[in-house]
Amino acid sequence: MRKRLLGIILVLIVIFTTILAYNIYFNDSSEEKTTEYSGDVSSSVIMDEIDDTLLDEKDEVEIGEMI
Amino acid sequence: MKKIMTMVLVLTLVSSIIPYALADETAPSIDPETVREVQIMGNSTGAEIRLLQLEKVVTIHIVQGENLLLLLANETDDTTSLEATLAQLELVLNEIQSAYENDSFSIETFIDLKTDATTLVTDFRTTIHTLVDNETAKTVRNQIQNITNMTIEELNLRIQSRIREYNNHQLQLIQGLFVSLNESLIAEYRNGNYSLGEIQQNISEAAQNMSTDELYEITLEIKEKNINRAAQVQQQVTDAVEGFQQRRQERLENRLNNIPEGVKDFVKEKMKQSMMDAMNNGNDFGGKPDDTPGGGGRP
């Protein structure tokens, strides 16, 4: 009985640790994205930001195809 | 005692997992393409552009639909459902034009009308694929691909002019940060003598001649503006999603009571039935279980 309880607790700890690790990993990734250029700014980084402010003349609204 | 301890431990762990499991399920969603499209709508010219583009794409689809009905006249007996869907799409087009005339360029209006148009286009496509085989569908798709008319061409010119106006405004803001950026070049772009690509090339060259400190400062400033703009737009998107179903019911009711006189009686009946079904079966995101506002249009 005691072994079974210990087993359940161990499994739950593994699940909890996995979820925690998953969340920490993805939080870190999103933080990296927002600060990726903070140490090394190149002209391509600034061009990416500028491109975000402009609108491509071929850009369209999509509502799917009729057939 | 040990059993109680174990129970407490299990409950603690389970309760800590539940929020993670539920987090994404309960959040309102909108399709990524629509989110991308509304990003420029924080600016009045940008909002005008998206409404004009929606008017254009719906006009194209109506013209394509009319041509499809002609092409399929000998292939299938009953096109009532298709005609009814097309007539509803025309009602949506009228609402887009009214919104434009009334200067109602909000993100909410765009999401509402785009969702309705997308749902109707999906319905049309689904119905047509039950009436013709894949080979016929492929043939007629090629035949209607490049259909155009005067209205569409006029819309193209208006959209292009507004896009240049929008980009000109954005370039003026950028020009304030780049001392070396040529003002006359921006004016040439505004007048249609230079392409956006040429302007971007000019900015890129100016950026390459700047020091790292200058680049860092300008990047931060532009990044900050972009983040603020995205946050404002996101708030409006969230607001639009919240009242979506209520507004959809009102729009359907309004259309139900305003079916044009010229519509054939049997098509009118089909339209009424279709709109009643949509009102009764609608959920939070536009009438179908897998719909999200603005989305679901891809075959």
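If you're wondering where the values come from, they're calculated on a predicted model, not measured in any experiment. Within every chain, numbering begins at 1; the chains are lettered A, B, ... in the order of the sequence lines, protein sequences first and strands thereafter.
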Interatomic spacing from [atom1] in [X] to [atom2] in [Y] - rounded to 0.5 Å:
X	Y	atom1	atom2	value
B:Asn67	A:Ile67	CG	CD1	12.0 Å
B:Ile49	A:Leu55	CD1	CG	5.5 Å
B:Leu177	A:Ile50	CG	CD1	8.0 Å
A:Asp56	B:Leu196	CG	CG	7.0 Å
B:Gln201	A:Met47	CD	CE	8.0 Å

Toward chain A, the part of [X] with a non-hydrogen atom under 4.5 Å:
X	value
B:Leu51	neither
B:Lys138	neither
B:Ile40	side chain
B:Ile199	neither
B:Leu52	neither
B:His129	side chain

Within the distance-only criterion (no hydrogens, no angle test), does the side chain of [X] pair as donor or acceptor with the backbone N or O of [Y] below 3.5 angstrom?
X	Y	answer
B:His61	A:Ile63	no
B:Lys114	A:Glu62	yes
B:Gln170	A:Thr53	yes

In terms of heavy-atom pairs under 4.5 Å with chain A, which of B:Ile203, B:Asn167, B:Asn226, B:Ile163 leads?
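Maximum pair count with chain A is reached by B:Asn167.
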
Identify which of B:Arg229, B:Gln200, B:Lys225 forms the greatest number of heavy-atom pairs closer than 4.5 Å to chain A.
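Most heavy-atom pairs under 4.5 Å with chain A: B:Gln200.
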
To check you understand the geometry: which heavy-atom pair defines the closest contact between B:Gln64 and A:Met66, and what is its length?
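Distance-wise, the nearest heavy atoms are OE1-CG, 3.9 Å.
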
Looking at every non-hydrogen atom in both residues, tell me the closest pair between B:Gln160 and A:Glu57 and how far apart they are.
NE2-OE1, 3.9 Å

With only heavy atoms counted, which part of A:Asp59 is less than 4.5 Å from chain B, the side chain, the backbone, both or neither?
both

Step by step, would you call B:Phe110 with A:Val61 a side-chain contact (heavy atoms from CB on, under 4.5 Å)?
CA-CA 11 Å; B:Phe110 177 79; A:Val61 166; 3.9 Å; yes

Check this for me: B:Glu217, atom CD, are more than 12 non-hydrogen atoms of other residues, nucleotides or ligands nearer than 6.0 Å?
no

